[in-house]
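Nothing fancy with the numbering, it's 1 onward along the sequence.
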Amino acid sequence: MNDEDAKLVTLARGARLRAYAPHTGAAEGAAVRDTDGRTYAGATVENADPALTTSALRAAVVAAASSGARAFEAAVVVTAGSVAPQDRAVLEEFGSGVPVIVADPDGTV
């Protein structure tokens, strides 16, 4: 893993600590890097209605897109589980082939 991807892992781990997951306890953190090298982080935000829950990857992409990012180089998700296909689809809306690195909560890729 290169230094820039390691930075994303660090950002995603930090974001995970700020997750709001009172219903399932399944806290996730994510970070994305746009094609200009800017980074954005997001965390899980749960709702009592699971349909209204925002995943960490979606939150990071929304933060980036709302700041003007339109293409991405890489993404990291720190999770004890796996990345849902629907979450990957949000990232792929901005272009296919963006690598998604998955790390455990301790940062192991």
Is there a side chain to side chain contact (heavy atoms under 4.5 Å, CB included) between Phe72 and Thr35? Walk through the geometry before answering.
CA-CA 5 Å; Phe72 298 95; Thr35 54; 5.8 Å; no

Ion pair check, Glu73 and Arg33, cut-off under 4.0 Å
yes

Please check if the side chain of Asp49 supplies one atom and the backbone of Ala51 the other of a donor-acceptor pair under 3.5 Å.
yes

Look at Arg13 together with Asp106 and state whether they make a salt bridge at an N to O cut-off of under 4.0 Å.
no

Apply the test side chain to side chain contact (heavy atoms under 4.5 Å, CB included) to residues Thr39 and Lys7: give CA-CA distance (whole Å), side-chain angles for both, the deciding distance (0.1 Å), then the verdict.
CA-CA 9 Å; Thr39 56; Lys7 177 182 172 183; 4.2 Å; yes

Arg88 side chain vs Ala84 backbone, donor-acceptor pair below 3.5 Å:
no

Here the pair of heavy atoms bringing Leu8 nearest to Ala75 is CD1-N, 4.3 Å

Given 3.5 Å as the limit, does a donor-acceptor pair link the side chain of Asp104 with the main chain of Gly107, or not?
no

Taking all non-hydrogen atoms of both residues into account, name the closest pair between Ala41 and Ala15 and its distance.
CB-CB, 4.1 Å

Looking at side-chain heavy atoms only, is the closest gap between Val109 and Val102 below 4.5 Å?
no

Hey, quick one: are Val45 and Val90 part of the same hydrophobic cluster, counting side-chain heavy atoms closer than 4.5 Å, chains of contacts allowed?
no

Under the side chain to side chain contact (heavy atoms under 4.5 Å, CB included) criterion, do Leu57 and Val32 qualify, and how do the steps go?
CA-CA 8 Å; Leu57 183 56; Val32 296; 4.1 Å; yes

Looking at Asn47 and Pro50, would you say the former's side chain and the latter's main chain have a donor-acceptor pair under 3.5 Å?
no

Close side-chain approach of Arg16 to Pro105, heavy-atom, < 4.5 Å
yes

Search all heavy atoms of Ala64 against all heavy atoms of Tyr40 and return the closest pair with its distance.
CB-CD1, 3.3 Å

Minimum heavy-atom separation for Gly25 and Glu46, please, with both atom names.
N-OE2, 4.1 Å

Main chain of Ala65, side chain of Arg70: is a donor-acceptor contact present, judged purely on distance under 3.5 Å?
yes

Under 3.5 Å donor-acceptor, Ser96 side chain and Glu92 backbone
no

Side chains of Asp87 and Val77: closer than 4.5 Å at any heavy-atom pair?
no

Distance (rounded to the nearest 0.5 Å) between Thr54 OG1 and Arg58 CZ:
7.5 Å

Please name the pair of heavy atoms, one in Val78 and one in Ala12, separated by the smallest distance, quoted to 0.1 Å.
CG2-CB, 3.5 Å

All heavy atoms of Asp5 vs all of Val76, minimum pair found to be O-CG2, 4.2 Å

Output yes when a side-chain donor or acceptor of Thr44 lies under 3.5 Å from a complementary backbone atom of Glu28, and no otherwise.
yes

Path from Phe94 to Val100 over hydrophobic side-chain contacts below 4.5 Å:
yes

